[in-house]
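Counting starts at 1 for both ligands and their atoms, in listed order. Position 1 is the first residue of the sequence; numbering continues from there.
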Amino acid sequence: MTTPRPGRLTAAIGGLAVAGLSVALALPAAAAGSTLQAAASESGRYFGTAIAANRLSDSTYTTIANREFNMITAENEMKMDATEPSQNQFSYGNGDRIVSWARQNGKQVRGHALAWHSQQPGWMQNMSGTSLRNAMLNHVTQVATHYKGQIYAWDVVNEAFADGSSGGRRDSNLQRTGNDWIEAAFRAARAADPAAKLCYNDYNTDNWSHAKTQGVYNMVRDFKSRGVPIDCVGFQAHFNSGNPVPSNYDTTLRNFAALGVDVQITELDIEGSGSSQAQQYQGVVQACLSVSRCTGITVWGVRDSDSWRASGTPLLFDGSGNKKAAYTSVLNQLNAGGTTTPNPTPTTPAPTPTTPPPTGGGSCTATYSEGQKWSDRFNGTVTIRANTNISGWQSTVTVRNPQRIIATWNGSPTWDSSGNVMTMRPSGSGALSAGQTTSFGFTVQHGGNWTWPSLTCTAS
Ligand code: G3I
């Protein structure tokens, strides 16, 4: 349970002295921390929701939204098909309604989304090449200019990476205009609204071991190193039983933040019910709270019945607007706070280890063996052998530019800021008795360099 923080305790005591017992008993319910936005604000974060313009006339909906959330995303109203239904004819009616509702109620707005392969207007779907590139840049410029000064953060580009094991870009008409379409969109957005934070937003990028996560990570690192204006990365976070909240979520958020960007959970929903759903929500909140640059969480709708996947009951309020167990677990976790680890400054790459650190007595050996090879990538396996009884191990794998590790399995990886050195630790217990072995694997995107990675093994 939560220990009241000094500020809240003072408020309750003040209530007792000034207003008498009956008011004082009611005070904690209205004090900081009794709504999602208040609880998130205690650590300087926001708590947001997606809003649909056609629900703004539903007072149950607006009452909950106004009470609980302080960051608003237009669920569909700022997308390309909504804002530019005919080329060069812009339509901001519904987007503006959401922005005015948010601003009238003292809330900030996340803009979603300037450029996306999906929900393009018909005229754009049929375009290609230079005319499409110019149309996309014009769209970014016009829409970001219209909302200039009113947007906390824009999802400049949405969902540009492929699912599966490639770690590469998704094929789309925009991608076919050239690989630099994403950075071009970011530069156009910065020129149009220099005050808005500019985010890349995607789904299935929550698990650090997934190739898609690594692909986005490598793009953001590349953008930061070349001065492409990117300020934040959005993790949509649509979860269900087939795609549960990963146990390494905090690692993912922390590693992205270490590149020098904010991270935000942008479209959170988790299908399910009861305590299992509540627990998963808690895990997401905990992961965000553990990373200082995780600046806020947005859930993708208010009540279950408002959700794009209503049958999965994935939100914090039921169809009647009642708080669910998931709501309580999120609120409690926000109030409990988290361990926030400062993010390292991303500029100086950590030195590649040349000598293994002290081993604490035990010893182990790491051996590389080649796996499958493709024209663009290869798999490798590292076998860890305990030379003595050991209670744990960690192994560094150093690749050489332009190589990048794009996927891993059977272990829990972390990365140095250069991206060349991966430190693999066991997912569970790392205890091995003398002579025993275990292994982990990875995929290297080689960029023409077939050199084997170098390895170290450190026992504890
Ligand atoms: O408003 C029309 C209605 O007039 C029409 O009768 C009806 C018939 O199909 O369609 C209604 O529009 C639908 C719209 O939602 C509003 O409900 C669209 O068909 C439907 O495609 C659209 O779905 C949205 C979806 O994005 C489209 O890709 C969802 O509401 C929206 O929640 C969802 O949001 C996306 C994020 O933008 C990006 N990340 C994934 C997330 C979930 O798919």
Side-chain angles (χ1 to χ4, degrees), residues 48-58 61 65 69 71-85 91-99 109-122 124-125 136 139-140 143 147 151 153-163 169-170 172-175 182 185 189 198-207 210 212-213 216 232-240 242-243 245 263-272 284 296-317 319:
T49 186
I51 289 287
N54 62 9
R55 287 189 162 83
L56 285 175
S57 52
D58 173 342
Y61 178 83
F69 303 103
M71 182 68 73
I72 300 301
T73 307
E75 186 173 359
N76 288 298
E77 294 76 354
M78 291 188 192
K79 292 175 179 175
M80 301 177 100
D81 58 349
T83 48
E84 196 178 356
S91 160
Y92 297 114
N94 283 330
D96 287 355
R97 284 177 63 206
I98 292 180
V99 172
V109 179
R110 287 192 87 265
H112 174 80
L114 292 171
W116 189 16
H117 69 276
S118 180
Q119 280 188 282
Q120 291 182 359
M124 186 179 269
Q125 290 172 27
M136 180 275 286
H139 180 87
V140 170
V143 177
Y147 286 111
I151 302 291
W154 266 112
D155 291 331
V156 178
V157 170
N158 197 35
E159 302 178 1
F161 276 73
D163 293 312
R169 298 281 182 86
R170 171 196 297 279
S172 72
N173 60 348
L174 290 169
Q175 180 61 30
I182 298 182
L198 305 182
C199 302
Y200 176 78
N201 191 50
D202 213 328
Y203 65 92
N204 281 353
T205 47
D206 313 284
N207 191 320
H210 285 177
K212 188 170 174 181
T213 312
V216 174
C232 38
V233 176
F235 297 81
Q236 293 186 8
H238 295 295
F239 296 112
N240 57 24
N243 176 34
V245 179
V263 293
Q264 300 165 359
I265 311 279
T266 52
E267 303 180 14
L268 177 61
D269 55 14
I270 306 177
E271 291 186 329
V284 173
I297 298 174
T298 294
V299 287
W300 204 237
V302 178
R303 301 160 300 193
D304 284 336
S305 48
D306 303 314
S307 168
W308 66 294
R309 42 182 189 173
S311 62
T313 62
L315 294 172
L316 301 177
F317 295 88

Tell me whether [atom] lies less than 4.0 Å from at least one protein heavy-atom position.
| atom | answer |
| --- | --- |
| atom 43 (O) of ligand 1 | yes |
| atom 6 (O) of ligand 1 | no |
| atom 32 (O) of ligand 1 | yes |
| atom 11 (C) of ligand 1 | no |
| atom 1 (O) of ligand 1 | no |
| atom 21 (O) of ligand 1 | no |
| atom 38 (C) of ligand 1 | yes |
| atom 16 (C) of ligand 1 | yes |

At what distance is the nearest protein heavy atom to [atom], and which residue and atom is it?
| atom | result |
| --- | --- |
| atom 26 (O) of ligand 1 | Lys79 NZ, 3.0 Å |
| atom 27 (C) of ligand 1 | Gln119 OE1, 3.0 Å |
| atom 14 (C) of ligand 1 | Asn76 ND2, 3.9 Å |
| atom 34 (O) of ligand 1 | Trp300 NE1, 3.2 Å |
| atom 40 (C) of ligand 1 | Glu267 OE1, 3.2 Å |

May I ask you to check if ligand 1 and Trp116 share an N or O to N or O distance below 3.5 Å?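 Looking only at distances, the answer is no, because the N/O contact criterion of under 3.5 Å is not met.
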Check: His112 N/O within less than 3.5 Å of ligand 1 N/O: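 Looking only at distances, the answer is yes, because the N/O contact criterion of under 3.5 Å is met.
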Element-labelled atoms of ligand 1 that are located less than 4.0 Å from some non-hydrogen atom of [X]:
| X | result |
| --- | --- |
| Asn158 | 38 (C) |
| Gln236 | 38 (C), 39 (N), 40 (C) |
| Glu159 | 38 (C), 39 (N), 40 (C) |

What I want to check is whether the side chains of His238 and Glu267 have a donor and an acceptor closer together than 3.5 Å.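 Yes, because at least one side-chain N or O of His238 sits under 3.5 Å from a partner of the opposite role on Glu267.
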Could you walk me through whether Met78 and Val143 pass the side chain to side chain contact (heavy atoms under 4.5 Å, CB included) test, one step at a time? CA-CA 8 Å; Met78 291 188 192; Val143 177; 5.6 Å; no
Less than 4.0 Å between a side-chain N and a carboxylate O, is that true for Asp202 and Arg170? no
Among Leu315, Thr73, Asp306, Val302, which residue satisfies the side-chain contact (heavy atoms from CB on, under 4.5 Å) criterion with Thr49? Val302
Taking the side chain from [X] and the backbone from [Y], do they hold a donor-acceptor pair closer than 3.5 Å?
| X | Y | answer |
| --- | --- | --- |
| Tyr147 | Asp96 | yes |
| Thr213 | Asn207 | yes |
| Gln125 | Gln120 | yes |

Please step through side chain to side chain contact (heavy atoms under 4.5 Å, CB included) for the pair Met80 and Gln119, ending with a clear verdict. CA-CA 6 Å; Met80 301 177 100; Gln119 280 188 282; over 6 Å; no
Please examine the side chains of Glu75 and Ile98, heavy atoms only from C-beta on, and report whether any two atoms are closer than 4.5 Å.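 In short, these two side chains do not touch, never coming nearer than 4.5 Å.
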May I ask you to test the Asp206-Phe239 pair for a side-chain heavy-atom distance under 4.5 Å?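 They are in side-chain contact.
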Using side chain to side chain contact (heavy atoms under 4.5 Å, CB included), reason through Tyr92 and Thr83 one step at a time and then give a plain yes or no. CA-CA 6 Å; Tyr92 297 114; Thr83 48; 4.1 Å; yes
